[in-house]
Amino acid sequence: MKPGKGLTVVAAALSGVLALSACGGGEAKDDGPASLRMTVWSANEAHLKLFNEIADEYRKTHPDVAGITFDPLPFDNYTTTLTTQIAGGNAPDLAWVFENSAPDFVASGALLPLDDTLKKADGYQYEDISPATLKLWQADDKLYAYPFSTSPFGVFVNTDMVKKAGQKTPAELIAAGQWTWDNALATAGATAARSGKAGLVIRDFDYKGWDNLSTFWTGWGAQAWSEDGRTCGFNSPEMVEAMTALHKGIFTTKALPGPGTTADFFAGDAAMTVTQISRASLLEDGGFGWDLVPLPAGPKGPYAVVGQAGVGVLKKSPHAQQAADFLAFLTNPTNSAKLAQFFPPPRQSQLTAETLAKTNPKLKPEQLQKVVIDGITSGVVKPSHAGQAELSQQVRAGLDPLWQPNADVKAVLDGVCAKIQPLLAK
């Protein structure tokens with residue numbers, strides 16, 4: 001799909017849904033029990049197995065629901081595919097929504113308000129949900145998506161590979177008070193040179209998903225745009241310094257794989273990867289020694305970045321109320337605790353190392369505390385903005401010249417701001 005076409009589809013889908021939803025009501029209801037479909041980003045077998053187990057349990061006491069299907073959409077073009085379905089009249093009943101699309105989905109009128117359903121659900125304990133996790137999904141005192149996963153980014157480490165390269169492990173650097181981006185990139189570069197494999201991979205970046213670089217540049221105090229969303233931050237001194245360090249790590253020290261190179265940490269192809277704990281299920285027992293540690297400190301000190309996904313009910317679903325009822329079941333205290341092994345919950349009572357350790361056998365309580373709980377407490381959410389689809393395309397296009405060995409970092413970042421400042425100022 002050409003870049004402009006994806007943007008058009010997203011914008012048209014959301015504006016079209018807004019117009020349709022303003023007409024009121026859902027689609028005509030089918031006769032007989034409902035068949036629900038929920039789009040998700042993950043095709044991971046362990047994730048889908050748990051979803052299906054919860055759905056089967058729900059159906060035992062809800063004869064009005066004949067089936068619940070979880071529909072994995074490719075991560076790279078998840079939102080484009082979802083909005084294409086909506087625009088084409090094939091909207092799911094429930095949908096996973098990424099944080100970068102939250103402002104558009106919440107404002108579009110596409111989603112059903114959930115407050116009443118969740119608060120009235122037996123034993124739901126709505127007040128246990130951390131208010132901070134709800135902000136992105138609220139408008140006019142209504143909640144339009146449940147903050148299904150509030151997941152800080154951490155660094156998974158192949159300790160076997162790092163040790164074999166004669167490098168200190170991140171755990172050893174942490175103990176010495178030396179876990180910084182300078183040292184992390186040095187370790188990654190040295191390990192890559194010795195092993196012939198990749199050093200550090202920022203998962204899901206792949207020179208396209210630029211917002212994942214916020215896990216890096218936030219350490220310099222950089223932001224994509226100002227807090228009010230009206231001023232570009234890509235050409236700030238902090239961002240220039242951060243992106244200069246990243247560029248050097250890619251093209252000079254070879255700490256990160258270059259453009260066109262793929263490396264899967266979980267297959268043993270990289271020494272380190274920046275990602276979230278939901279990926280821990282990809283680790284195979286006996287594959288290699290590994291660790292999970294917080295993001296390295298940047299020049300501004302320690303920090304955390306959080307990815308957040310919500311699950312909402314499409315207002316135009318012919319079974320919107322059944323879908324909302326299932327969402328209440330899927331996210332009740334019991335099932336929230338089960339899902340916590342992959343998706344850190346927004347429930348305050350469940351955000352303890354002891355509680356999370358019960359459903360995260362691969363992770364140690366210390367790892368859960370330092371990466372997940374502390375990260376949720378202090379982390380900033382990845383960039384999001386109204387009109388994110390158009391902004392994202394422009395940022396990606398503006399950054400393309402940066403991924404060359406001889407790039408002028410400051411000039412490239414000035415170019416990014418030239419592209420997006422008119423959009424931010426609207």
Side-chain angles (χ1 to χ4, degrees), residues 40-44 46-48 50-51 72 75 78-79 95-102 128-137 145-157 201-205 209 211-216 218 265-266 272-283 290-295 302-312 330-331 335-353 355-384:
V40 298
W41 67 265
S42 175
N44 181 278
H47 298 172
L48 295 175
L50 180 54
F51 289 150
F75 180 87
Y78 176 90
T79 300
W96 199 304
V97 180
F98 293 141
E99 71 284 304
N100 58 11
S101 300
D128 187 35
I129 301 173
S130 170
T133 66
L134 299 174
K135 291 180 180 179
L136 194 59
W137 311 99
Y146 174 87
F148 187 79
S149 176
T150 301
S151 187
F153 287 82
V155 181
F156 281 92
V157 184
V201 174
I202 299 177
R203 192 174 176 96
D204 300 320
F205 162 50
D211 56 337
N212 288 293
L213 292 180
S214 63
T215 60
F216 184 83
T218 303
F265 170 85
F266 297 98
M272 294 181 275
T273 188
V274 176
T275 190
Q276 296 156 297
I277 70 162
S278 58
R279 311 286 187 166
S281 59
L282 298 174
L283 290 162
W290 62 274
D291 196 3
L292 172 64
V293 298
L295 295 172
Y303 68 102
V305 175
V306 175
Q308 192 177 61
V311 175
L330 179 69
T331 60
N335 290 321
S336 177
K338 295 176 182 177
L339 291 162
Q341 64 183 289
F342 305 122
F343 312 109
R347 293 184 173 276
Q348 298 170 92
S349 64
Q350 294 175 350
L351 286 175
T352 68
T355 300
L356 291 175
K358 293 177 181 177
T359 52
N360 286 272
K362 289 180 183 259
L363 299 176
K364 300 173 183 176
E366 181 182 3
Q367 294 170 328
L368 291 165
Q369 180 67 49
K370 296 294 186 184
V371 177
V372 180
I373 299 170
D374 292 352
I376 290 174
T377 302
S378 62
V380 298
V381 180
K382 287 171 59 184
S384 65

Dump the intermediate steps for side-chain contact (heavy atoms from CB on, under 4.5 Å) on Val381 and Lys135, then the final yes or no. CA-CA 11 Å; Val381 180; Lys135 291 180 180 179; over 6 Å; no

Check: Tyr146 and Thr133 side chains under 4.5 Å, non-hydrogen atoms: no

Can you name the nearest heavy-atom pair linking Trp96 to Ala309, along with the distance? NE1-CB, 2.7 Å

On the 0 to 90° scale, with breaks at 30° and 60°, tag the Phe148-Phe51 ring pair as parallel, tilted or perpendicular. tilted

Kindly indicate, with the supporting measurements, whether the criterion side-chain contact (heavy atoms from CB on, under 4.5 Å) is fulfilled by Gln367 and Asp291. CA-CA 8 Å; Gln367 294 170 328; Asp291 196 3; 2.8 Å; yes

Hey, is the main chain of Gly307 close enough, under 3.5 Å, to the side chain of Ser151 for a donor-acceptor pair? no

Rounded to the nearest 0.5 Å, how far apart are CD1 of Ile277 and CG of Leu363? 6.0 Å

Passing option when Lys382 is tested against Thr218, Asn100, Val305, Leu213 for side chain to side chain contact (heavy atoms under 4.5 Å, CB included): Val305

Of all the heavy-atom pairs spanning Asn44 and Ala46, show the shortest one and how long it is. OD1-N, 2.9 Å

Classify the ring geometry between Phe156 and Phe266 as parallel (under 30°), tilted (30 to 60°) or perpendicular (over 60°). perpendicular

Tell me every residue that passes ring pair (Phe, Tyr, Trp, His ring centres under 6.0 Å) with Phe216, counting only those two or more places apart in sequence or in another chain. Trp181, Trp220

Within the structure provided, determine whether Tyr303 and Val380 are in side-chain contact (heavy-atom separation under 4.5 Å). no

What are the two closest non-hydrogen atoms of Thr150 and Ile376, and how far apart are they? O-CD1, 3.2 Å

Could you tell me if the side chain of Leu136 sits less than 4.5 Å from the side chain of Ser384, heavy atoms only? yes

Go through the steps to decide whether Phe205 and Val274 satisfy the test side-chain contact (heavy atoms from CB on, under 4.5 Å), and finish with yes or no. CA-CA 10 Å; Phe205 162 50; Val274 176; over 6 Å; no

Heavy-atom nearest pair, Ser336 first then Pro345, reads OG-CB, 3.3 Å

In this structure, NZ of Lys338 is separated from CZ of Phe343 (nearest 0.5 Å) by 14.5 Å

Using every non-hydrogen atom in the two residues, find where Gly154 and Val371 come nearest and quote the distance to one decimal. CA-CG1, 4.0 Å

State whether the number of non-hydrogen atoms from other residues, nucleotides or ligands found under 6.0 Å of Lys364 atom NZ is greater than 12. no

Does Ile373 offer a backbone N or O that forms a donor-acceptor pair with the side chain of Thr377 under 3.5 Å? yes

Output for pair (Arg279 CZ, Thr273 OG1), nearest 0.5 Å, gives 8.5 Å

Nearest 0.5 Å please: distance from the CG atom of Leu339 over to the CG atom of Leu50. 5.0 Å

Are the side chains of Asn335 and Leu330 in contact, using a 4.5 Å heavy-atom criterion? no

For a 4.5 angstrom cut-off between non-hydrogen side-chain atoms, does Lys370 reach Leu292? no

Return yes if some donor-acceptor pair links the side-chain N/O of Arg347 with the main-chain N/O of Thr331 below 3.5 Å, else return no. yes

Counting only N and O atoms by type, is there a donor-acceptor contact under 3.5 Å from the side chain of Asp128 to the main-chain atoms of Ser349? yes

Drop me the distance from Gln350's CD to Leu356's CG, to the nearest 0.5 angstrom. 8.0 Å

State, to 0.1 Å, how close Lys362 and Ala280 come at their nearest heavy-atom pair, and which atoms those are. CD-O, 3.5 Å

Check whether Tyr78 reaches the backbone of Phe98 with its side chain - one donor and one acceptor, N or O, closer than 3.5 Å. no

When rounded to the nearest 0.5 angstrom, what is the spacing between CG in Leu134 and CD in Gln308? 8.5 Å

Between the main-chain N or O of Ser278 and the side-chain N or O of His47, is there a donor-acceptor pair closer than 3.5 Å? yes

